[in-house]
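Computed over heavy atoms, backbone and side chain alike; hydrogens, waters and symmetry mates excluded.
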Amino acid sequence: MRPATLADAPAWSAMRVALWPDEADVAATAEMARQIDAARDAVAFLACDAGGSAIGFAEATLRHDYVNGTGSSPVGFLEGWYVAPEWRGRGVGRALVAAVECWSQERGCSELASDALLDNAASHVAHAACGFEETERVVYFRKPLVSD
(Lines give C-alpha, C1' and ligand atoms only; values in the text may rest on other atoms or scores of the structure.)
Protein backbone atom coordinates (compact mmCIF):
# COMPACT_ATOMS: atom_id res chain seq x y z
CA MET A 1 0.00 0.00 0.00
CA ARG A 2 1.38 3.39 -0.97
CA PRO A 3 0.27 6.84 -2.03
CA ALA A 4 -0.23 7.13 -5.79
CA THR A 5 1.98 9.34 -7.94
CA LEU A 6 1.59 10.58 -11.50
CA ALA A 7 4.14 7.93 -12.51
CA ASP A 8 1.35 5.45 -11.71
CA ALA A 9 -0.98 7.11 -14.22
CA PRO A 10 -1.21 4.26 -16.79
CA ALA A 11 -2.20 1.52 -14.33
CA TRP A 12 -4.25 3.83 -12.13
CA SER A 13 -6.05 5.20 -15.17
CA ALA A 14 -6.99 1.72 -16.38
CA MET A 15 -8.48 0.87 -12.98
CA ARG A 16 -10.42 4.16 -12.88
CA VAL A 17 -11.97 3.32 -16.24
CA ALA A 18 -12.87 -0.16 -14.94
CA LEU A 19 -14.64 1.43 -11.95
CA TRP A 20 -16.31 4.30 -13.84
CA PRO A 21 -16.71 3.12 -17.46
CA ASP A 22 -19.48 5.63 -18.26
CA GLU A 23 -17.52 8.74 -17.29
CA ALA A 24 -15.84 10.38 -20.26
CA ASP A 25 -12.80 11.94 -18.58
CA VAL A 26 -12.31 9.49 -15.74
CA ALA A 27 -8.75 8.68 -16.82
CA ALA A 28 -7.71 12.34 -17.14
CA THR A 29 -4.26 13.05 -15.73
CA ALA A 30 -5.44 16.41 -14.37
CA GLU A 31 -8.09 14.68 -12.24
CA MET A 32 -5.55 12.19 -10.97
CA ALA A 33 -3.15 15.02 -10.14
CA ARG A 34 -5.94 16.67 -8.12
CA GLN A 35 -6.42 13.45 -6.16
CA ILE A 36 -2.79 13.37 -5.04
CA ASP A 37 -2.54 17.06 -4.15
CA ALA A 38 -2.53 17.00 -0.34
CA ALA A 39 -3.16 20.76 -0.22
CA ARG A 40 -6.56 20.07 -1.81
CA ASP A 41 -7.60 17.66 0.91
CA ALA A 42 -7.45 14.69 -1.44
CA VAL A 43 -5.45 11.48 -1.56
CA ALA A 44 -5.10 8.35 -3.63
CA PHE A 45 -3.60 5.05 -2.52
CA LEU A 46 -2.49 2.15 -4.69
CA ALA A 47 -2.31 -1.46 -3.66
CA CYS A 48 0.43 -3.35 -5.48
CA ASP A 49 1.32 -7.03 -5.82
CA ALA A 50 4.74 -8.41 -4.87
CA GLY A 51 6.10 -7.43 -8.30
CA GLY A 52 4.97 -3.82 -7.90
CA SER A 53 2.01 -3.97 -10.29
CA ALA A 54 -1.06 -1.98 -9.24
CA ILE A 55 -3.98 -4.21 -8.26
CA GLY A 56 -6.31 -1.70 -6.61
CA PHE A 57 -6.81 1.92 -5.65
CA ALA A 58 -8.72 4.12 -3.26
CA GLU A 59 -9.34 7.83 -3.71
CA ALA A 60 -10.57 9.95 -0.82
CA THR A 61 -11.29 13.56 0.01
CA LEU A 62 -12.13 15.57 3.08
CA ARG A 63 -15.65 16.88 2.89
CA HIS A 64 -16.54 19.87 5.01
CA ASP A 65 -20.15 20.17 3.88
CA TYR A 66 -22.94 17.90 5.06
CA VAL A 67 -22.38 14.25 4.19
CA ASN A 68 -25.48 12.06 4.25
CA GLY A 69 -25.65 9.86 7.33
CA THR A 70 -22.82 11.55 9.25
CA GLY A 71 -22.82 13.83 12.26
CA SER A 72 -19.44 15.52 12.17
CA SER A 73 -17.21 17.67 9.98
CA PRO A 74 -14.85 17.25 8.30
CA VAL A 75 -15.58 13.74 7.11
CA GLY A 76 -13.22 11.50 5.18
CA PHE A 77 -15.05 10.38 2.06
CA LEU A 78 -14.11 7.34 0.03
CA GLU A 79 -14.70 8.73 -3.46
CA GLY A 80 -13.52 5.71 -5.41
CA TRP A 81 -12.47 2.21 -4.45
CA TYR A 82 -11.49 -0.57 -6.82
CA VAL A 83 -9.72 -3.92 -6.60
CA ALA A 84 -8.90 -5.98 -9.69
CA PRO A 85 -11.34 -8.92 -9.87
CA GLU A 86 -8.67 -11.58 -9.46
CA TRP A 87 -7.52 -9.94 -6.21
CA ARG A 88 -10.93 -9.54 -4.57
CA GLY A 89 -11.60 -11.41 -1.34
CA ARG A 90 -7.93 -11.37 -0.33
CA GLY A 91 -7.85 -8.34 1.96
CA VAL A 92 -6.75 -5.79 -0.64
CA GLY A 93 -9.93 -3.74 -0.32
CA ARG A 94 -9.68 -3.77 3.48
CA ALA A 95 -6.06 -2.58 3.30
CA LEU A 96 -7.05 0.29 1.00
CA VAL A 97 -9.87 1.32 3.34
CA ALA A 98 -7.47 1.11 6.32
CA ALA A 99 -5.07 3.49 4.55
CA VAL A 100 -7.93 5.95 3.94
CA GLU A 101 -9.04 5.59 7.58
CA CYS A 102 -5.56 6.53 8.84
CA TRP A 103 -5.32 9.43 6.39
CA SER A 104 -8.75 10.70 7.53
CA GLN A 105 -7.95 10.39 11.24
CA GLU A 106 -4.66 12.26 10.74
CA ARG A 107 -6.78 15.14 9.38
CA GLY A 108 -9.09 15.25 12.38
CA CYS A 109 -11.97 13.14 11.08
CA SER A 110 -13.99 10.94 13.38
CA GLU A 111 -16.04 9.41 10.55
CA LEU A 112 -15.39 7.88 7.15
CA ALA A 113 -18.23 7.86 4.64
CA SER A 114 -18.78 6.46 1.18
CA ASP A 115 -21.54 5.77 -1.28
CA ALA A 116 -22.53 3.19 -3.87
CA LEU A 117 -25.16 2.92 -6.54
CA LEU A 118 -28.43 1.43 -5.29
CA ASP A 119 -28.10 -1.61 -7.56
CA ASN A 120 -24.42 -2.34 -6.79
CA ALA A 121 -24.94 -5.20 -4.35
CA ALA A 122 -21.28 -6.30 -4.54
CA SER A 123 -20.17 -2.87 -3.37
CA HIS A 124 -22.70 -2.94 -0.53
CA VAL A 125 -21.27 -6.28 0.64
CA ALA A 126 -17.67 -5.02 0.34
CA HIS A 127 -18.48 -1.88 2.33
CA ALA A 128 -20.14 -3.95 5.07
CA ALA A 129 -17.16 -6.33 5.17
CA CYS A 130 -14.92 -3.32 5.85
CA GLY A 131 -17.05 -2.10 8.75
CA PHE A 132 -19.24 0.48 7.02
CA GLU A 133 -22.87 0.63 8.06
CA GLU A 134 -25.61 1.69 5.68
CA THR A 135 -27.14 4.97 6.81
CA GLU A 136 -29.75 5.76 4.17
CA ARG A 137 -30.80 5.18 0.59
CA VAL A 138 -31.12 8.25 -1.56
CA VAL A 139 -32.18 9.00 -5.10
CA TYR A 140 -31.09 12.42 -6.30
CA PHE A 141 -33.12 14.40 -8.81
CA ARG A 142 -32.21 17.19 -11.19
CA LYS A 143 -34.20 19.58 -13.31
CA PRO A 144 -32.40 21.81 -15.81
CA LEU A 145 -33.55 25.41 -15.72
CA VAL A 146 -33.96 27.26 -19.00
CA SER A 147 -32.81 30.88 -19.16
CA ASP A 148 -35.20 33.47 -20.55
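For S72, the side chain to side chain donor-acceptor pair (under 3.5 Å) partners at least two apart in sequence or on another chain are S110, E111. Among residues two or more places apart in sequence or in another chain, the side-chain contact (heavy atoms from CB on, under 4.5 Å) test is passed with C102 by none. For S73, the side chain to side chain donor-acceptor pair (under 3.5 Å) test picks out no residue, with sequence neighbours left out. Under the side chain to side chain donor-acceptor pair (under 3.5 Å) criterion, Q105 pairs with no residue at all, not counting sequence neighbours. The side chain to side chain donor-acceptor pair (under 3.5 Å) test applied to S114 returns H127, not counting sequence neighbours. The side-chain contact (heavy atoms from CB on, under 4.5 Å) test applied to A99 returns M1, F45, not counting sequence neighbours. Partners of F77 according to the ring-ring contact (aromatic ring centres under 6.0 Å, His included) rule, which considers only residues two or more places apart in sequence or in another chain, do not exist here.
Under the 4.5 Å side-chain heavy-atom criterion for Ile, Leu, Val, Met, Phe, Trp and Tyr, I55 and V100 are members of the same hydrophobic cluster. V75 and W81 fall into different hydrophobic clusters, defined by Ile, Leu, Val, Met, Phe, Trp and Tyr side-chain heavy atoms under 4.5 Å apart, directly or through other members. Hydrophobic cluster membership differs between V125 and W87, with clusters built from Ile, Leu, Val, Met, Phe, Trp and Tyr side chains linked at under 4.5 angstrom. V43 and V67 sit in two unconnected hydrophobic clusters of ILVMFWY residues. Membership requires side-chain heavy atoms under 4.5 Å apart, directly or through other members.
Atom OG1 in T70 sits 10.0 Å away from atom CZ in R63 (nearest 0.5 Å). Note that OH of Y66 is 5.0 Å distant from CG of N68, once rounded to the nearest 0.5 Å. Between atom CG of residue L6 and atom OG of residue S13 there is a gap of 11.5 Å, rounded to the nearest 0.5 Å.
Contact of the F132 side chain with the L78 side chain is registered, since non-hydrogen atoms from C-beta on lie closer than 4.5 Å. W12 has its side chain within reach of E59: a pair of non-hydrogen atoms, C-beta onward, lies under 4.5 Å apart. Put simply, the side chain of F57 does not reach to within 4.5 Å of the side chain of V83, judged on heavy atoms. In this structure, C48 and R2 have side chains that are in contact, with non-hydrogen atoms separated by less than 4.5 Å. Side chains of C130 and V97 form a contact here, defined as non-hydrogen atoms less than 4.5 Å apart.
Applying the salt bridge (charged side-chain N to carboxylate O under 4.0 Å, His left out) definition to pairs two or more places apart or across chains, those involving residues 121-138 are E134-R137. Judged as a salt bridge (charged side-chain N to carboxylate O under 4.0 Å, His left out), not a single pair has a partner in residues 83-101 (not counting sequence neighbours).
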Check: Between S104 and L112, is a side-chain contact (heavy atoms from CB on, under 4.5 Å) present by the stated rule, with each step listed?
Finding: CA-CA 7 Å; S104 299; L112 178 62; 3.9 Å; yes
Next item on the list: Just do the side-chain contact (heavy atoms from CB on, under 4.5 Å) check on L62 and C109 with the steps written out, would you?
Entry: CA-CA 8 Å; L62 291 184; C109 298; 3.4 Å; yes
Checklist line | side-chain contact (heavy atoms from CB on, under 4.5 Å) assessment of D41 paired with T61 | finding: CA-CA 6 Å; D41 290 339; T61 60; 5.8 Å; no
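The shortest non-hydrogen separation linking L46 to A54 is CD1-CB, 4.3 Å. Heavy-atom minimum distance, G56 versus M15: N-SD, 3.4 Å. Summarising the geometry of D8 relative to P3, their closest heavy-atom pair is OD2-O, 4.3 Å, with the distance given to 0.1 Å.
With a 4.5 Å cut-off between side-chain heavy atoms of Ile, Leu, Val, Met, Phe, Trp and Tyr, the cluster of F141 takes in L118, V139.
In this structure, S53 contributes its side chain and D49 its backbone to no donor-acceptor pair below 3.5 Å.
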